[in-house]
There are 2 protein chains.
Amino acid sequence: MAKAKNKMVEGARQALAIARGGKVKGFRVHEPKDLDVRAIRAATKLSQAQFASRFGFSVRTLQEWEQRREVATGAARALLRVIAHDPAAVERALVS
Amino acid sequence: MAKAKNKMVEGARQALAIARGGKVKGFRVHEPKDLDVRAIRAATKLSQAQFASRFGFSVRTLQEWEQRREVATGAARALLRVIAHDPAAVERALVS
DNA sequence: TTCTGTTATACGTGAAAAGCGTATAAGCGG
DNA sequence: CCGCTTATACGCTTTTCACGTATAACAGAA
């Protein structure tokens, strides 16, 4: 039950974070936490190893994300969304 | 939102065209570790708070990077490079 | 001028989580 | 059988980030 409690606390903490971020003036980017990393990679038809090395992280980390054992950090989620939305832009930036 | 997902998958599918049309398989992206995060942010003319919330991380983390107290992870570095190279593309991906 | 309310930036502390190397193993097409 | 892809365990290193405090630079009010 210590576990359940931690979960609740964590949930509350996140809600707080969202509430805070939501009121930043101007534009706050809405970030869905339920990113389907596997689907994004699948669309690229790259293997885990290829996808990982191409975009700058380890295979191990990618697996953690795909298998939902760990959640990608904010920046990583943002990157994944850009890859999903416009992979060409990412390729261009990283190749140059 | 199944729609949103399809959109992302569709977008990612473009990677294919590039991956195949361009170089051969498995080219690796080189990543300079000495990223000048402050300069990248300066180019966007955003405050630390704005920059951080817009791209998905905390102000504190951004400061760690700018002051070189900590190094951004691979995915974060990749994101920063994309922001430096084509910030509009990132905005587009995150706003949708 | 002086007080006062932003706004931007710096940083100590510490818990939680992510990042990731290495090793091992199973499934599969060739 | 071999090589490639993916899954998983173990475990150590590093980052992330909340919370709090502190310091300037400014702008407008008193």
Side-chain angles (χ1 to χ4, degrees), chain A residues 1-29 31 33-81 83, chain B residues 15-16 19 24-29 31 33-81 83:
Chain A
M1 50 89 167
K3 204 164 218 170
K5 180 181 170 186
N6 286 334
K7 255 202 163 105
M8 293 174 64
V9 172
E10 186 203 346
R13 195 176 59 66
Q14 290 180 357
L16 194 58
I18 291 169
R20 189 189 354 263
K23 76 186 297 292
V24 171
K25 83 145 172 290
F27 2 4
R28 164 93 189 97
V29 169
E31 231 182 307
K33 198 166 181 298
D34 59 307
L35 221 51
D36 190 339
V37 180
R38 173 155 285 157
I40 293 173
R41 177 176 65 83
T44 68
K45 289 187 163 54
L46 293 172
S47 71
Q48 292 180 337
Q50 294 175 316
F51 190 88
S53 87
R54 183 165 302 185
F55 297 117
F57 33 80
S58 74
V59 172
R60 173 61 189 280
T61 297
L62 175 60
Q63 292 180 335
E64 302 285 14
W65 296 340
E66 291 195 354
Q67 293 159 37
R68 295 176 184 282
R69 307 177 86 77
E70 282 171 17
V71 177
T73 57
R77 287 199 300 278
L79 175 66
L80 289 167
R81 292 186 64 200
I83 292 172
Chain B
L16 223 307
V24 201
K25 74 251 316 288
F27 64 89
R28 194 181 192 308
V29 170
E31 245 188 293
K33 199 165 182 301
D34 57 306
L35 224 52
D36 189 340
V37 180
R38 173 151 286 164
I40 293 174
R41 177 175 65 84
T44 68
K45 292 182 166 51
L46 293 173
S47 69
Q48 292 182 335
Q50 294 176 317
F51 190 89
S53 88
R54 185 169 300 187
F55 297 117
F57 34 79
S58 72
V59 171
R60 186 52 192 274
T61 296
L62 175 60
Q63 292 180 340
E64 304 285 16
W65 295 341
E66 291 195 353
Q67 294 158 37
R68 296 175 184 283
R69 306 175 80 78
E70 283 167 15
V71 178
T73 57
R77 286 200 301 279
L79 175 66
L80 288 167
R81 291 187 65 201
I83 292 172

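In what follows, chains are A, B, ... by sequence order, proteins preceding strands, each numbered from 1. The basis for the numbers below is simple: all heavy atoms, side chains too, and nothing from hydrogens, waters or symmetry mates.
For the pair B:A75 and A:L79, the tightest heavy-atom approach, listed with the atom from each and the gap, is O-CD2, 3.5 Å. Nearest heavy atoms, A:L35 versus A:R68: O-NH2, 3.7 Å.
A distance of 6.5 Å separates CG of B:L46 from CZ of B:F55, quoted to the nearest 0.5 Å.
Considering only side-chain N and O atoms, A:S58 lies nowhere under 4.0 angstrom from the phosphate OP1 or OP2 of C:dG19. OP1 and OP2 of C:dA18 both lie 4.0 Å or more from every side-chain N or O belonging to A:W65. In this structure, A:T61 reaches the C:dC20 phosphate: one of its side-chain N or O atoms is under 4.0 Å from OP1 or OP2.
Regarding A:R77, its CZ atom lies at a distance of 14 Å from the P atom of C:dA17, rounded to whole Å. Look at CZ on B:F57: it is 15 Å from P on D:dT15, rounded to the nearest Å.
Contacts of B:E66 classified as side chain to side chain donor-acceptor pair (under 3.5 Å), with partners at least two apart in sequence or in another chain: B:R38, B:R41, B:Q48. The side-chain contact (heavy atoms from CB on, under 4.5 Å) search around A:A49 returns A:S47, A:V59, not counting sequence neighbours. The side-chain contact (heavy atoms from CB on, under 4.5 Å) check on B:Q67 picks up B:Q63, B:R69, with sequence neighbours excluded.
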Next on the checklist: Please encode protein proximity along nucleotides 4-12 of chain D as a string of B, S and -, counting only heavy-atom distances under 4.0 Å.
Outcome noted: --SBBBBB-
